[in-house]
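What follows is a set of notes on a single structure, which appears directly below.
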Amino acid sequence: MNFEIKSEEINKFKEISQEEKDFRIKNLKYFNNIGLPSKKLEDWKFTDLREIISNNFKKLDTFQKNEKFSNFKILKDFEHNYIILLNGSLNSFDFSFEDSSKIKIENYTEKNLKYEDNKNSLVNLNHALFTNGYSLEVESNYKFNKVVIIYNFFSENVENQIINKKNKILVKKNSELHLIDYTINKSKFVCNNYEEITLEENSILKNISLQKDRSDGYFHKFSKNKLNKGSKYNQLLFSSGLKFNKLDLEADLLGEDTECNIQAALYLNQNQHQEIKTRINHLAPNSKSYQKIKNVLNSNAKGIYQGKIYVKDIAQKTDAYQLSKALLLNDDTEFNSKPELEIYADDVKCSHGSTSGNVEEDSLYYLMTRGLSRKESLRLLINGFLNDIVDVIKSNTIKDFISSNLEKQIYEYK
Amino acid sequence: MKNQNINTNQEYKYGFTTDIENIKAPKGLNEDVIKFISNIKKEPKWMLDWRLKAYKRLKSLKEPNWQKPKYPKINYQDLYYYSAPKSMKDKPKSLDEVDPKLIETYNKLGIPLNEQKKLSGVAVDAVFDSVSVATTFKEELTKKGIIFCPISEAIQKHPDLVKKYLGSVIPLTDHYFATLNSAVFTDGSFVYIPPNVRCPMELSTYFRINASETGQFERTLIIADKNSYVSYLEGCTAPMRDENQLHAANVELVALDDAEIKYSTVQNWYPGDKNGKGGIYNFVTKRGACRGKNSKISWTQVETGSAITWKYPSCILQGDNSVGEFYSIAITNNHQKADTGTKMIHLGKNTKSKIISKGISAGQADNTYRGLVDISRKALNSRNYTQCDSLLMGNKCGAHTVPYIKNKNASSTVEHEATTSKINEEQLYYCNQRGLNQEEAVSLIVNGFCKEVLQQLPMEFAVEAQKLVGISLEGSVG
């Protein structure tokens, strides 16, 4: 399938300024020139999206339709605030545990219309065609009482379509926000997401991403993060359950004493393809970054980790660490990694490690001598391997919720 | 004493030129030049055809540009592709007939061409610009059935072996510089170790670029037949010149069942001056194939010279239970740039590979480790261990690590670790306290950092390499 988008698509956007229209057209031109990324591009070396899309979709339309829905069940496991997104657009929200004067949430509108060529052509595609999204702002000196769950709900109407959505989060000085990104989807479609996160001085953002069920979704997300002095960013990723998922995360550590933490526990099964690509730019002294990516791969799954740490010459005393570990359960699985360091400052501590292999026979044998079956032993070991990431979560209720979610997936192992 | 030693070596010690009459091919790259080279070497027709085929292919290839160190465009038409000392036209039969000036040059370099240096027990093939000038210890090697000669001689005397293996590891169509080499290579060494023979001495080739505006394109082919062993050393130097000179060599190794090849390089081409002017572009393709069961290829390299080093000595582990090893030290100072590493391609079952890479970067230099570990679906029970450490001196230099790791089966294990740091202040302080000056202390600590690799080198080279490590980093601290 040759995926090209006609410029008429832009005309469907009625209420936009001429400036925005030009911006969209420019981006679309660029995208049509390059097309969907293929493995000829260094950043997509292990993920040929062009091939993946053409093998799995006979047609792919751009999503336009708006719809409403009535009964939506929110989680009862623990008290929380929520934002509901339906097919990417802001549907409703509830901040009953918070001081609402401190929170601003609205539909996304594009303010920065400066055109840039992007290494990742999907970003240009997003700029050209985005239909919806949200923007969330937290005022200074405000600490959230409860976690905010963002329910990302996709209806059946998105089948064989591509959704381009955007979201923007701004956490102002000395504030703290905890999010859970919770995706619920049963359709086969493509979601191209663009995210911009800005953390002002001494602010904290913690984000957990997970997926409710296994689904046929093809997700791509480009996330651009800016960390100012003393701010902390924490991102935990759990088994997506998606057919295809690529997270392309870029973090600029602009100020001193910033911290960036990215951890993932992924259990991939049945032809799933997941890639985590990160680029952490240490641009100021005394910043820290930590990445730990754990993959368990089963039956035809493919896992990829491409991480890059860049340390600018003035970013002395940087402490950066990357670790990727993978367990391959079958011979038809594949794990590729490219942990990269680019360092221009000398007084730094930068290291990375990457391992991949099978479950240790000795450990299995030990568990089996205690009376567990081979399958049970394996599940226990996989659980132990991945749960290490869950332990990072401080709240017990959330930890239990994530843990049981993960276990449910591991118990599918046969 | 040690102090003195360093001082006398302050500058690039091999920077002299030898004033010698040369025969050159006309400038430029075209079919006529290739025919000229082939003709002067009295090559058979199949060889010329092979070269022309490579040249044809070359015309459709583009220079790669993904590497980290960028360089100004090379004008391939403005180079001499063949340059040889005039006196070599009718090849001398023994060392007595070799131009004394050449012998003197090699004596200056400390290369034992004279048989009186027999004690050192190393057989040497010396390559001066485009031709091999002398090969020592021939008789002794011939007794064992070992062939060690210039490749131009091998093409004439052992065409079957050359035909069978030349281009079998680095095909004609490989990439721009390898193909360029296939078209215009001038000389290099050829080694064949017959079955069940353990080569009694180290074999060594010494490369020297002398003439200006020439590129050096040598080709080395080493074949270790069943159950044989060979250790091969390679050294290189060049005069100090303001221009950048191109060195694009191809090295092919083939190890058959139970054979082992150990290949060591001490690369000390002229690195350019303190401001980054001049120096050699060292764009080399080195690849070994472990064709047979239980075969082993081990690469050891100490890279201290060249303005730009761009090479990845690789192992293709085809035979079951074969082993590939890569030990590397890359030191860059001033404006030097290095982009080096290895590829370990696991195809056979139970194959093992080990990569130890040490990068040291000082001044305004850039040092990149780039490597690939690829475990294919059929390479069951394979194992890889990679360790790459970088040391930075000063905040104007860069150290980069770009490993590609692919694992396609569950029974194989891949481990990779890398660190980047600077010289430990406490260690420096400790050494200073014991009376070592700053430079001696740095040299000592760096030698310790590189120990794992230096240990892999044969005795004669290890001493030289250790000194080289110290010299290369002079003036980088303090």
Side-chain angles (χ1 to χ4, degrees), chain A residues 41-42 45-46 285 295-299 302-361, chain B residues 66 68 359-362 364-425 476-477:
Chain A
L41 300 166
E42 183 67 23
K45 211 177 173 65
F46 305 113
N295 271 285
V296 176
L297 305 163
N298 192 17
S299 59
K302 192 172 172 185
I304 296 136
Y305 169 65
Q306 290 199 70
K308 182 166 187 173
I309 293 172
Y310 172 85
V311 181
K312 205 181 166 184
D313 54 357
I314 57 160
Q316 297 290 0
K317 304 273 178 205
T318 289
D319 185 353
Y321 186 67
Q322 282 170 327
L323 177 68
S324 108
K325 282 188 168 185
L327 278 185
L328 279 66
L329 302 178
N330 291 106
D331 278 342
D332 46 16
T333 56
E334 185 176 337
F335 182 72
N336 299 322
S337 76
K338 187 184 157 204
E340 206 179 327
L341 302 174
E342 189 175 352
I343 295 160
Y344 292 98
D346 62 337
D347 193 5
V348 296
K349 227 173 86 187
C350 292
S351 50
H352 65 209
S354 171
T355 62
S356 62
N358 203 335
V359 180
E360 251 179 74
E361 279 301 320
Chain B
W66 45 262
K68 181 102 191 152
I360 298 144
S361 201
Q364 278 127 349
D366 251 323
N367 203 329
T368 307
Y369 165 82
R370 194 186 298 274
L372 168 73
V373 175
D374 189 347
I375 303 209
S376 68
R377 198 133 279 174
K378 283 180 186 156
L380 299 172
N381 296 314
S382 294
R383 187 88 176 74
N384 161 267
Y385 174 73
T386 306
Q387 186 191 338
C388 32
D389 298 323
S390 309
L391 205 58
L392 284 158
M393 297 185 193
N395 57 358
K396 288 196 182 73
C397 53
H400 320 298
T401 317
V402 193
Y404 294 80
I405 306 156
K406 299 182 183 176
N407 188 353
K408 288 187 192 135
N409 73 63
S411 54
S412 301
T413 306
V414 187
E415 284 173 286
H416 172 101
E417 55 181 335
T419 60
T420 305
S421 57
K422 67 170 191 170
I423 288 194
N424 192 323
E425 294 285 343
S476 60
V477 172

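Lettering follows sequence order; numbering is per chain, from 1.
- For the side chain to side chain contact (heavy atoms under 4.5 Å, CB included) test, residues two or more places apart in sequence or in another chain that qualify with A:Asp332 are A:Asn300, A:Asn330.
- With rounding to the nearest 0.5 Å, the separation of NZ in A:Lys308 from OG1 in B:Thr401 is 11.0 Å.
- Within the structure, the salt bridge (Lys or Arg N to Asp or Glu O under 4.0 Å) test picks out the following pairs touching residues 403-421 of chain B (sequence neighbours left out): B:Arg383-B:Glu415.
- The greatest number of non-hydrogen atom pairs below 4.5 Å with chain A, out of B:Thr413, B:Asn407, B:Thr419, is found for B:Asn407.
- Taking the six-membered ring wherever Trp is involved, the centroid distance between the rings of B:His400 and A:Tyr344 falls below 6.0 Å.
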Item to complete: Could you walk me through whether A:Gln306 and B:Tyr404 pass side-chain contact (heavy atoms from CB on, under 4.5 Å), step by step?
Response: CA-CA 9 Å; A:Gln306 290 199 70; B:Tyr404 294 80; 6.0 Å; no

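- When all heavy atoms are compared, the tightest approach of B:Pro403 to A:Pro339 is CD-O, 2.7 Å.
- The contact list for residues 352-360 of chain A toward chain B, using heavy atoms and a distance under 4.5 Å, reads A:His352, A:Gly353, A:Ser354, A:Thr355, A:Ser356, A:Gly357, A:Asn358 by residue number.
- Using a 4.5 Å cut-off between heavy atoms, B:Asp366 contacts chain A through its side chain alone, with no backbone atom that close.
- For B:Ser412, the part sitting under 4.5 Å from any heavy atom of chain A is the backbone (N, CA, C, O) and nothing else.
- Using a 4.5 Å cut-off between heavy atoms, B:Leu380 touches chain A through its side chain atoms alone.
- Residues of residues 316-325 of chain A that come within less than 4.5 angstrom of chain B, heavy atom to heavy atom, are A:Gln316 in numerical order.
- Here the CG atom belonging to A:Asn336 is positioned 8.0 Å from the CG atom belonging to B:Asp374, to the nearest 0.5 angstrom.
- Atoms CG and CG, on A:Asp313 and B:Asn395 in that order, are 6.5 Å from each other to the nearest 0.5 Å.
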Practice prompt. Would you check, one step at a time, whether the test side-chain contact (heavy atoms from CB on, under 4.5 Å) holds for A:Leu328 with B:Asn409?
Written response: CA-CA 7 Å; A:Leu328 279 66; B:Asn409 73 63; 5.9 Å; no

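- Among all heavy-atom pairs drawn from B:Lys422 and A:Asp347, the shortest one is CE-OD1, 3.5 Å.
- For A:Tyr305, no part lies under 4.5 angstrom from a heavy atom of chain B.
- Inter-residue side-chain proximity for B:Val402 and A:Lys338 is flagged as met; some heavy-atom pair is nearer than 4.5 Å.
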